[in-house]
Amino acid sequence: MNAIVQRIGSLPAFLVTVIILLCWHAETRAAGPGDPKAMATYVDQPETKVVSSWDQKAAAAYLDQRQSWWMEWPRAARDHDTFCVSCHTAVPYALSRPALRKALAEEAPSVNERRLLDNVTKRVRLWREVAPFYSDAERGAYKTAESRGTESVLNALILASNEAQNRELSNDARAALDNMWAEQQIKGSKKGAWLWLRFANEPWEADDSDYYGATLAAIAVGTAPGNYRARPEIQSNLEMLRQYLNRESAAQPTFNRVVLLWASARLPGLLQPEQQRAMIDEVLAKQQADGGWSLSSLAGIWKRHDGTPQEAKSDGYATGLITFALQQAGISPENARHKRAIAWLEANQNKTEGCWPAYSLNKNEEHHLSPDTTRFMNDAATAYSVLALTEADRR
């Protein structure tokens, strides 16, 4: 490239600029999309600021309404006037709703955020006396232990994320993390992971979901303020977690490795750079022609319980989660694949309801309990779409 510039140095400035740009473009294409040289070129380009074309207020209204419904749903009610913390509605809400605060000119958590945080805090404080989400007597063998393992991770994630911008952890968040480590498995094939609720429902309550839970634990540790991940007393636990996530990674469906990619961005040293690149290549290869991703394409051979075919078109959960994970892993805002994903998200919000579409891996809409339960996937889709789009706007 330098030799070319020297040979054309006597040409008018405008023509020189055009030739340099053409040479840069050819050089980038020759490097290939997965080449570090190409990635570096994309990263070095100036960011392009565009006016957001999605409705933040409508998204917030949808998330608030759905969280309000969940907290009042009789099936979500639990011991000591608390409610279950769900992977499809409550956890994504806790992670995403703060991202909309600036757009809504809010200076503090919304009413529903506060209720959720108070609920989690109450259960953390009553950890030794509050009943688990599910018990062996009610739902079968191991459900008490699975509930404790699952809840310990979700509580830690929610409270650590809420305090991510603080200088130090609160006593309640520290207690939640202590509870989490106490539930970690220290022997056997699941050493380093947590017992996780199994109801034969992908992607959060199936036989492979203990891996998903372990990735969330890693995110909680990496998100907690005060350099929590460096504390001496957790290093043995942290090493068991790292070993488990690496040991079992190859056997996981792609959607679990997407969350691992996100976790690796929060917890330095969790993955090697070449492992991160391989995961990025894996998910980019599954991007569809319209710029989105389909959750069913990430699920391997999983079949629906009701025998209906999986939905193959792009959805907001897969697209939002993958885009956000790629952003956390450092993909450039100017990367063409990233731009296509953002364009899909902006184009596929239901502006009337504020949500993004997604489809259950386990049953179609006709076989759900009610119209409200058909929205569980939309709840998660909307939350992760919000995270990806607010991150894109910020960058």
Side-chain angles (χ1 to χ4, degrees), residues 63-97 109-163 170-184 194-201 203-206 209-210 212-213 216-217 220 360 362 368-380 383:
L63 290 170
D64 285 338
Q65 184 274 323
R66 290 294 296 158
Q67 180 60 24
S68 181
W69 173 82
W70 175 259
M71 293 187 293
E72 300 299 331
W73 192 36
R75 284 175 175 259
R78 293 297 185 268
D79 188 35
H80 281 72
D81 295 319
T82 62
F83 54 84
C84 178
V85 177
S86 58
C87 288
H88 49 71
T89 300
V91 173
Y93 179 83
L95 298 179
S96 66
R97 186 57 177 80
S110 66
V111 172
N112 284 339
E113 285 179 82
R114 191 69 263 164
R115 272 192 73 185
L116 175 55
L117 291 169
D118 288 346
N119 177 82
V120 170
T121 301
K122 182 176 182 179
R123 290 189 64 90
V124 168
R125 292 176 179 177
L126 298 175
W127 186 250
R128 296 186 182 279
E129 57 185 278
V130 71
F133 286 160
Y134 302 96
S135 69
D136 293 357
E138 296 169 332
R139 300 302 294 269
Y142 309 115
K143 286 298 173 283
T144 295
E146 291 172 5
S147 291
R148 289 299 193 202
T150 301
E151 185 186 1
S152 71
V153 172
L154 300 184
N155 288 348
L157 175 64
I158 289 172
L159 294 187
S161 297
N162 180 61
E163 299 179 11
S170 69
N171 290 335
D172 290 323
R174 188 180 301 281
L177 286 158
D178 288 344
N179 293 340
M180 183 185 81
W181 292 125
E183 294 293 330
Q184 188 182 33
W194 283 258
L195 294 181
W196 205 259
L197 283 167
R198 285 169 164 78
F199 289 118
N201 289 321
W204 306 301
E205 296 174 342
S209 295
D210 48 1
Y212 168 74
L216 294 186
S360 171
N362 307 299
H368 272 264
L369 289 174
S370 71
D372 278 305
T373 63
T374 65
R375 297 186 180 189
F376 286 161
M377 288 306 302
N378 289 5
D379 299 347

When you compare the side chain of [Y] with that of [X], does any pair of heavy atoms fall below 4.5 Å?
X      : Y      : answer
Gln67  : Arg115 : no
Trp70  : Asn112 : no
Trp181 : Trp194 : yes
Glu183 : Leu195 : no
Thr373 : Ser370 : yes
Phe133 : Thr150 : no
Leu177 : Met180 : yes
Lys122 : Asp81  : yes

Atom of [X], atom of [Y] and distance for their closest heavy-atom approach:
X      : Y      : result
Asp79  : Glu129 : OD2-O, 4.1 Å
Tyr212 : Cys87  : CE2-SG, 4.2 Å
Val124 : Asp172 : CG1-O, 3.7 Å
Ala217 : Val153 : N-CG1, 3.7 Å
Arg66  : Thr89  : O-CG2, 4.0 Å

Can any side-chain N or O of [X] pair as donor or acceptor with the backbone N or O of [Y] at less than 3.5 Å?
X      : Y      : answer
Ser209 : Ala206 : yes
Glu146 : Arg198 : yes
Asp136 : Ala141 : no

> Are Arg78 and Tyr134 in a cation-pi setup, meaning NZ or CZ lies under 6.0 angstrom from the ring centre and within 45 degrees of the ring axis?
Replying inline: yes

> Does Arg148 make a cation-pi contact with Trp127, if we ask for NZ or CZ under 6.0 Å from the ring centre and within 45° of the axis?
Replying inline: yes

> Should the pair His88 and Trp204 be assigned to parallel (<30°), tilted (30 to 60°) or perpendicular (>60°) ring geometry?
Replying inline: tilted

> Do the ring planes of Trp69 and Phe376 sit parallel (below 30°), tilted (30 to 60°) or perpendicular (above 60°)?
Replying inline: tilted

>> For Ser161, run the side-chain contact (heavy atoms from CB on, under 4.5 Å) check against Leu157, Leu159, Ile158 and tell me which one passes.
In response: Leu157

>> Nearest 0.5 Å, please: how far is CG in Asn362 from NE2 in His368?
In response: 7.5 Å

> OG of Ser147 to CH2 of Trp196: how many Å apart, nearest 0.5 Å?
Replying inline: 10.5 Å

> Should we say atom OH of Tyr142 is surrounded by more than 12 heavy atoms from elsewhere, each under 6.0 Å from it?
Replying inline: no

